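Remember, predicted model here, so these are calculated numbers, not experimental data.
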Amino acid sequence: LKEENAILRSKINKLQILSETQADKMRKLEKKLEENKIKEEKEAQDLEAMVQHVEQNLQLMTKRAAKAENSAARLRQENAQLQAELRNSRLEKEALRAGQAGLAAAKRNAEVALQHVLQLTTSSRASIRQLLSGAESLQLVADLLKSIDRISEV
């Protein structure tokens, strides 16, 4: 009976040691799980902050593109007005040439109008380039947002 008792005590000691070992493992795993949860929450917050930053940039780029479009439309209108002035100046120049009166003044007026048209044309081209650049930037942001959506799905 003593021998059997000793054997059972030995088994109980082994089981207690095994139980303590498993409890230690369980505590370590719980701690690791908690650390992983905290890490995932921080990554989610970082991702959310990045998405908000990208959205702000997208809004800013959208405003810039709208402003560029308005500017381009205004410049096109000014260009059309100046071209009409140029045509009128040319007609006036021809009339003056035919009448031989005030030829030099008409020529100067036509040259001034031509210079205005050329300046406006150059300015219009630059604005249109800016508009195209803004559109390309918006496309890049849209692609980035698509990538973020794919990352968040994964």
Student: Can you measure from CD (Glu20) to CG (Asp24) and round to the nearest 0.5 angstrom?
Tutor: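 It comes to 7.5 Å.
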Student: Is there a donor-acceptor pair closer than 3.5 Å between any side-chain N or O of Thr21 and the backbone N or O of Ile17?
Tutor: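 At least one qualifying donor-acceptor pair exists.
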Student: Report yes or no: does Thr62 contribute a side-chain atom to a donor-acceptor pair with the main-chain N or O of Leu58 at less than 3.5 Å?
Tutor: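 Side chain of Thr62 to backbone of Leu58: a pair is present.
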Student: With rounding to the nearest 0.5 Å, note down the distance linking CD in Gln115 to CG in Leu82.
Tutor: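 These two atoms lie 12.0 Å from each other.
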Student: With hydrophobic residues grouped by side-chain heavy-atom distances under 4.5 Å, do Val141 and Ile148 end up in a single group?
Tutor: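 Yes; tracing contacts between hydrophobic side chains, which count when under 4.5 Å, links both residues.
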Student: Would you indicate whether Glu3, at its atom CD, is surrounded by more than 12 heavy atoms from other residues, nucleotides or ligands within a distance under 6.0 Å?
Tutor: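 Counting neighbours around CD of Glu3, 12 or fewer heavy atoms of other residues, nucleotides or ligands fall under 6.0 Å, so no.
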Student: Enter the distance from Asn57:CG to Gln59:CD here, rounded to the nearest 0.5 Å.
Tutor: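 Result: 9.5 Å between the selected atoms.
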Student: Would you compute the distance between atom CG of Leu1 and atom CG of Leu8 and round it to the nearest 0.5 angstrom?
Tutor: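 One finds 9.5 Å between CG of Leu1 and CG of Leu8.
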Student: With rounding to the nearest 0.5 angstrom, report the OG1 to CG distance, Thr122 to Leu75.
Tutor: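 Answer rounded to 0.5 Å: 11.0 Å.
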Student: Rounded to the nearest 0.5 Å, how far does CD of Glu55 lie from CG of Leu60?
Tutor: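 Going from CG on Leu60 over to CD on Glu55, the span is 13.5 Å.
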Student: Checking Ser10 side chain against Ala6 main chain: does a donor-acceptor pair fall under 3.5 Å?
Tutor: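 No: the side chain of Ser10 does not pair with the backbone of Ala6.
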Student: Report yes or no: do Asp143 and Gln139 form a side-chain donor-acceptor pair below 3.5 Å?
Tutor: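 Result is yes, a qualifying pair exists.
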Student: Is there a donor-acceptor contact under 3.5 Å from the side chain of Ser123 to the main chain of Gln119?
Tutor: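 Judged by distance alone, no pair lies under 3.5 Å.
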Student: Start with the C-alpha gap between Lys39 and Glu35, add the side-chain angles, then the distance that decides, and say whether salt bridge (Lys or Arg N to Asp or Glu O under 4.0 Å) holds.
Tutor: CA-CA 6 Å; Lys39 184 179 176 182; Glu35 289 172 357; over 6 Å; no
Student: For Glu43, does the CD atom have more than 12 heavy-atom neighbours from other residues, nucleotides or ligands under 6.0 Å away?
Tutor: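 More than 12 heavy atoms, drawn from other residues, nucleotides or ligands, come within 6.0 Å of this atom.
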Student: Less than 4.5 Å apart, any side-chain heavy atom of Arg90 and any of Leu114?
Tutor: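 Side-chain contact under 4.5 Å: yes.
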Student: Step through the shown structure and confirm whether more than 12 heavy atoms of other residues, nucleotides or ligands are within 6.0 Å of CZ on Arg125.
Tutor: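 At most 12 heavy atoms, drawn from other residues, nucleotides or ligands, come within 6.0 Å of this atom.
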Student: Between Ala65 and Leu131, what is the shortest heavy-atom contact and its length?
Tutor: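 Nearest pair, atom of Ala65 first, then Leu131: O-CD1, 3.6 Å.
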Student: Is there a donor-acceptor pair closer than 3.5 Å between any side-chain N or O of Ser71 and the backbone N or O of Lys67?
Tutor: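 Not a single qualifying donor-acceptor pair exists.
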Student: With the 4.5 Å side-chain cut-off for hydrophobic clustering, are Leu140 and Met61 part of the same group?
Tutor: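 Not linked; separate clusters.
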Student: Under a 4.0 Å N-O cut-off, is there an ion pair linking Lys37 with Glu41?
Tutor: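 Salt bridge: no.
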Student: Find out whether Leu120 and His116 are in side-chain contact, i.e. whether some heavy atom of one side chain is under 4.5 Å from a heavy atom of the other.
Tutor: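 When only atoms from C-beta onward are counted, His116 and Leu120 do not touch, as no gap falls below 4.5 Å.
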